[in-house]
Structure formats: C-alpha cells, structure tokens
**Student:** 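Provided herewith is a single structure, encoded as structure tokens, for subsequent inquiry.
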2 protein chains.
Amino acid sequence: MNDSVVEIGSRAGALPPATARLSDVAAHAGVSTKTVSRVVNNEPNVRPQVRERVMLSVVTLGYRPNAAARALVTQRTHQIGLITTASSLYGPTAGLFSLEQAAWKAGYALTLTTVREPSEGELAEAIRYLLARGVEGVIISGATGVLHLAPSALAGMPVVSTSPVSDAAPNHVVVDTDQSMGARAAVRHLYDLGHRRIAHIAGPLSWHAAVQRRDGWLRGMKDAGLEPGPVVEGDWSAKSGHEAAFSLDRAEVTAVFVANDHMAMGAIRAFTEKGIQVPGDMSVVGFDDVPEAAYQMVPLTTVRQDFVAGAERSVRELVQLIENQPIETTSIYLPTELIVRDSTASVIALDTA
Amino acid sequence: MNDSVVEIGSRAGALPPATARLSDVAAHAGVSTKTVSRVVNNEPNVRPQVRERVMLSVVTLGYRPNAAARALVTQRTHQIGLITTASSLYGPTAGLFSLEQAAWKAGYALTLTTVREPSEGELAEAIRYLLARGVEGVIISGATGVLHLAPSALAGMPVVSTSPVSDAAPNHVVVDTDQSMGARAAVRHLYDLGHRRIAHIAGPLSWHAAVQRRDGWLRGMKDAGLEPGPVVEGDWSAKSGHEAAFSLDRAEVTAVFVANDHMAMGAIRAFTEKGIQVPGDMSVVGFDDVPEAAYQMVPLTTVRQDFVAGAERSVRELVQLIENQPIETTSIYLPTELIVRDSTASVIALDTA
DNA sequence: TATCGGGTTGACAGCGTTGTCAGACTGAGA
DNA sequence: TCTCAGTCTGACAACGCTGTCAACCCGATA
C-alpha cells in the first residue's frame, strides 16, 4: 500500500499502453465495477476510505473511461456539431474559437464540418454526417441564405443558426448580429457627415448576412429620404471590392458603404488608383472591424460585430434546446457598434476642396 | 410490399422521431440483425434480393447506425482531435478548413479543441480531453514553441504537429512549411534590391514559427555577409507591427522583414505616419500572403505559405500513423513562395531620391 | 441418389459502461 | 439485545452493434 503511494508520488514512468477498463480498476481496488463507476462519476454513497482506494487504483492503472461505452448506455454523447463554410473569411472564423470555448465550458465537444457551398444538398449531407456521429445538436454558422432544411433530415435535432430557416422548425433558434441595424448606423453616420449620394458594395447575395446589410443600407437611405445609390455585388474578398469600386463613378457618389472590411480595403485601394482620395474625395465605411482595420494606411471606419458574444449566446441557446430547458425567444439579434476612424469625412471638406 | 414501395416513392411525411435500431430493421425485413449489419456495412454474401429488402426497411424506418455502439465493439472511433490556439490569426485558421476536408475525405471527423496559451499544462489538459473523447490521433497546429509533451499523457497516441517535440516520441510526425527558407528568400530578395541594413519585426518568440522566421532572417543575413539589423518582437497583430516600426530608425535601416502580413500592414502604416515612404524610403516584406495583401494601398511583397497542402499532408501522415502504415520521414517541410509586389523597391531609387 | 463445397444466414457472445434493485452493513433507539 | 432506518455495496441486465462460428441451402459431381 505504502509502496504504491510512493510510486504514484514519484510519477512512475511508463503507463500501461493498453488502457485499463472499469473491471481492471475494480479488481485492483478489490471492489465491484459499480463502485468504481460511482467514484469515477463522483456519485454519493461511497465510503471515503473506499473512494480513496479506488481513486488510487484509477491513477495507478491510468484508467480512462471509454466514451463510446458510456454514450451507449447513457444515450448522451455531449457532442455538438458545427457546420460552417470552408473559407477563411474573418467572420465565420472569428466566432469559431469562441464557439469551441463556450462549448467546452458547457461540457460539450465540437465536431467540425465544412460545406463548400451552402446548397441544400451539401447542408443535408453535412447534417447526415453529424447525425451519424451522434451529435446532440447543430450550429450552422456564417454561410448561406435562408436555410432550407428538410425537417426530416434534422430528425428533430436542436439547431442554432445565424440564418433563419424556411420552415419554422420546432427546435430552432436564430442567433445573429443585427446586421441591418449596423448598416443603418453606417448610413446614418455618412448622412450626418453630409453625404447624400451613398453607394453600396454588397457581399454575395446568396448569403443572408449580405442581404441583411444591403437591406439595412436601403432602409437607412429611405429613412433619411435619400435615393439609394448604385449597388455592386462582391464576394467578400478584397479583390472583389477592388473591382467593384472601379465601377463606381465619383460624379455620382460621395460615399460607399461596403459590406465587409476586406472589400473596403480593396475599394480604397481602387479609389487611390483612380486618383480619388479617401476620405477627402470619397468616404468609405466597412463592416466587421477586423483587427487590422485600425492600422490600414487609411484607418477604417467600420461596424463592429461582437463575434465572441454571438458564439457564446449560440452555445447557450443550443444547450438549452438540447437539455429541454425553456427558451425565451426563437431569434436573437446582437447589437453592433459603429467605429469611426479616418476613412470617412465630412462632405463639407470635400466641397471646399 | 407494394404499398410500402409507393410510400417510399412519395417520401412519406414525418419520419419516426425515435431512431430505429438494427433489430427493428431486422424485424421489419424479416431477417437477422447480423444480416442487416452486413447490408449496412456493405459486406458480401447477402443475396441481392435480401439486400434490397433490407435497404428498403432501412429507408422506411429511417435507420441510422449508432456510432457509440459501433465504436464500442470495433474499438475504432474514426475521430481525430485538433488542438489549436484560440486566436483568429490567419495562419492557424487558414489551415483549419482544409484540415477538416482532408479528414472527411479520409473518413475521419475532426474534434476541435483550443488552448489559450500553449503551455505544457493547457496542452496536457487538451490532450486528456481529446483522449477522453476517444480520438485516435491528434493534430497540434499553429501554437507554441517546441512542444513538451509528457509521453505518458499521450499514451502512445499518434500526433502530427507543426512544432517539433522535445522528447522524440515514437508516433510523431512534424509537418510545417519551411519557415526558415521562406525568411531567407525574403532576405535574399531585399539583398538583390541592394539593401544592406535589414531589420526584422519578429512574431512572439514563444512561437516556434516566429523563431524559425527570425532564424531564417539571421541565417540569410549571414549568408549574404551582412550584419543583422535590429530585431523587434511583436505579437502577430497589426497593432504590434505598428508599434514595432516606430522604434526603427530610418538612418539605420532601409528594409524590414516582418514575420507576418498583418504586422507588416501596421508597420507600413507607422512608416507613413513618420513620413517614411514605402517602398521609396523603406522596403517591407511580409509573410503568409493573406488574401488582402495584394489590395493594400501598398500591395505587399510577402512569402506565401500553402496552408492547404500543409493541412492535407498533416492528415495524410496522421492517418498513416493511426492505421499503422509505414511512414517515410518524421519531419516534413513544405516549400514557400516569394510573392513580389510593391512594398519592396531597389535601394538605388532610394539613394537617388 | 449420396456427397461435397460454396454461398448465405442466423444464434450468440461480448465490447465497457451505467441503471436497477436487492442485500449487507451500520449506529441509534427501544 | 433486538429492531429499524439509513447508508453502502455488488450482481446483473441492458445499451446497439459486430465477430465468430455453426447451420443451412443449393447445384454440381460422383
């Protein structure tokens, strides 16, 4: 007895390669498997002395519970699936790690799945895949327009997504930042600076987020009594922002609301190439507030999203769904924040120039 | 019989909510569970007629195999764990999705884990966590200096990482881009442009990648017979690049090799603020080739890494390790590519200016 | 017709764990 | 000392699947 204590204390070298089972621990400690199970799961009704002896055996044998066996009998896997678009866009990515941390804290593991294109077919395949892995709920992030999820494919599984779903599913919550409000704030900001002709460089309109931002811009223009300027559709990339900006005419437009920061960077670059100064001749507002936005040659005015908060909220809602706790609402929209930097300026300055 | 065929054909409405078991399918098809198992697993020795009947029952009942039960009996989970740093840095992130796709293709699911700080303790915790989840191998990405992995913690589990491991473990392969060579190429490029006083803005030197790039720069300087300029350590962020650049003296230095693109962006911004033109007065080379690097106000000369190739290779090696196939080498270094754009210029132009 | 061999099928055990339930043990009170 | 309630402990079945092995069927051959 004392010997083994010493051995543990000194972190005896190699652990047994083949992992011990509950019954091995039981034999080693001289108790039943059930008692070991109780100790391992921190259940009550075990004499402290026995508990200690069992724990010692657990450590000595390097016992680790077998997740599959446990899942089989408890019918719980404590796994949640994440479906996201396979692109290193800042948005979907930024939330990813917060998602994992939140899931970890809640006692769940994250299984990752990607879809190239958020088509109904690919989505269904991803869901099947996760279902087969035994996940207890799914988070659908970033991608896609309104989701068309065959309810049968989901089999009643809890889902949290950033996009709304066509058929109102029973176990579904939408958690997203309030894209539309963010866009309206951007327009308002430009309006307050005296801009009246404001264009929009949109994201790919197959994305719900892109539609939301465009609609927010439209709404903002209408609210201000302005005629919406031209809209050009990009694909979120700096490259596409660069191209889009080339098609914008300085005579028609004094400001652009761009659907994300990377396109905004491309746009600013394009304006510069055309001899249009930002913000002197043209104001630009981005969206996302990527970390490097503040350190561009022209620090970017942009709309900040709180991806961390979104991720945490998503996990919270999903876990509530999984554990059958009551949920308050089925759609949650998180606030955005306008960050004013140097890429926007008063139109007065322009006119006097 | 015909009835059910029709029902299937018309995609009869709601599927049963509780998922059917193998025995249910067996009963429905009038065969043994073993036969259903054979059909589901595509094993031979089942009469085509029976096979079809079983498949029909599978579809009718909406049967999905129970992963836990399967894992329990086969002792295989087909899950691999990913440990990565919880930051939306471009590098670790860019490979993530390729990793998932490669794993999917190889028939494995990815379980995600993050560590805040790649300390020995956090790493051990993450490994324990993954082990408890039953992963068959682990990929450690991005983070950290030389890994100190207690072999006991790993319990002989296959590991692929981007950083080398202190104790040579038996089941371990390193897959990384050849950071050092990339850095040397950058220095060489600056040298060829006539630069002789070249500084370095390094990443956090707790990162293996940062050390590699700094050492590559040092080596490149030595190879060219140059005295290494000052080194300033950043934290990968644009902000830190901005700060670092402020401490660099134009009188001492005509070029900077920056350890990643985002710091390079911050540095360029800082130089501009100080009235130092890039590339006129100062050449800057980045590292990574982030998508927006080409669309900066000063398009960035940088060293491109192929994250996709790295991810695919990592999965390939890990799967080989898991499936006990022979591996060729225990460390693999992928090539980089120098992308020359506008942030570097000949030093001649500088002198004449 | 009897025998043989291949393809096909099913009975049964077992993977490692937890839930159920009955039994054993304990100390307090009569 | 005996009873009783409460605490502790273990035997056993079950979770859903696959591996093993024996049994069966069939046509071909002797």
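The figures here come from the full heavy-atom set of this structure, side chains too, leaving out hydrogens, waters and symmetry mates. Each chain gets a letter, A, B and so on, in the order its sequence line appears, and its residues count up from 1.
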**Student:** OP1 or OP2 of D:dT7 less than 4.0 angstrom from a side-chain nitrogen or oxygen of A:R47, does that happen here?
**Tutor:** no
**Student:** Roughly, in whole Å, what's the span from NE2 in A:H78 to C1' in C:dT18?
**Tutor:** 13 Å
**Student:** Could you state the atom-to-atom distance from NZ of A:K34 to C1' of C:dC21 in whole Å?
**Tutor:** 11 Å
**Student:** Using whole Å, report how far CG of A:N42 lies from C1' of C:dT18.
**Tutor:** 15 Å
**Student:** Counting side-chain heavy atoms from CB outward, which of D:dG10, C:dT18, C:dG14 is closest to B:V73?
**Tutor:** C:dG14
**Student:** For C:dT18, does OP1 or OP2 lie under 4.0 Å from any side-chain N or O of A:N41?
**Tutor:** yes
**Student:** Would you check if there is a donor-acceptor pair between the side chains of B:S32 and B:T35 at a distance under 3.5 Å?
**Tutor:** yes
**Student:** Starting at atom CG of B:L22, determine the distance to atom C1' of D:dG16, rounded to an integer number of angstrom.
**Tutor:** 7 Å
**Student:** Measure from the side-chain N and O atoms of A:N41 to the backbone N and O of A:S37, and report whether any donor-acceptor pair falls under 3.5 Å.
**Tutor:** yes
**Student:** Any idea which heavy atoms bring A:G30 and A:R53 closest together, and the distance?
**Tutor:** O-NH1, 4.3 Å
**Student:** I need the CZ-P distance between A:R38 and D:dT7, as an integer number of Å.
**Tutor:** 14 Å
**Student:** Counting just side-chain N and O atoms, does B:T35 come under 4.0 Å of either OP1 or OP2 of C:dG10?
**Tutor:** yes
**Student:** Has B:R21 got a side-chain N or O lying under 4.0 Å from the OP1 or OP2 atom of D:dC17?
**Tutor:** no
**Student:** Among the candidates C:dT18, C:dG16, D:dT9, find the nucleotide nearest to the side-chain atoms of A:V50.
**Tutor:** D:dT9
**Student:** Go through the side-chain N and O atoms of A:Q101 and B:T114 and say whether any donor and acceptor fall under 3.5 Å apart.
**Tutor:** yes
**Student:** Between D:dC8, D:dG16, C:dT18, spot the one nearest the side chain of A:Q75, thanks.
**Tutor:** D:dG16
**Student:** Heavy-atom nearest nucleotide on DNA chain C for B:P48 versus B:L72: which residue maps closer to 5'?
**Tutor:** B:P48
**Student:** Map B:T33 and B:A69 onto DNA chain C by nearest heavy atom, then report which one ends up closer to the 5' terminus.
**Tutor:** B:T33
**Student:** Under 4.0 Å between a side-chain N/O of A:S37 and OP1 or OP2 of C:dT18, yes or no?
**Tutor:** yes
**Student:** Have a look at B:N45 and say if it touches a base, only the backbone sugar-phosphate, or nothing, with a 4.0 Å heavy-atom cut-off.
**Tutor:** base
**Student:** Using whole Å, report how far CD of B:Q49 lies from P of C:dT8.
**Tutor:** 12 Å
**Student:** So A:P65, base contact, sugar-phosphate only, or nothing? Heavy-atom distance under 4.0 Å.
**Tutor:** sugar-phosphate
**Student:** Can you tell me the distance, in whole Å, between the CZ atom of B:R133 and the C1' atom of C:dG16?
**Tutor:** 17 Å
**Student:** For atom CD of A:Q325, decide whether the heavy atoms of other residues, nucleotides or ligands shown that lie under 6.0 angstrom number more than 12.
**Tutor:** yes
**Student:** Between A:R51 (CZ) and D:dT7 (P), how many Å, whole number?
**Tutor:** 14 Å
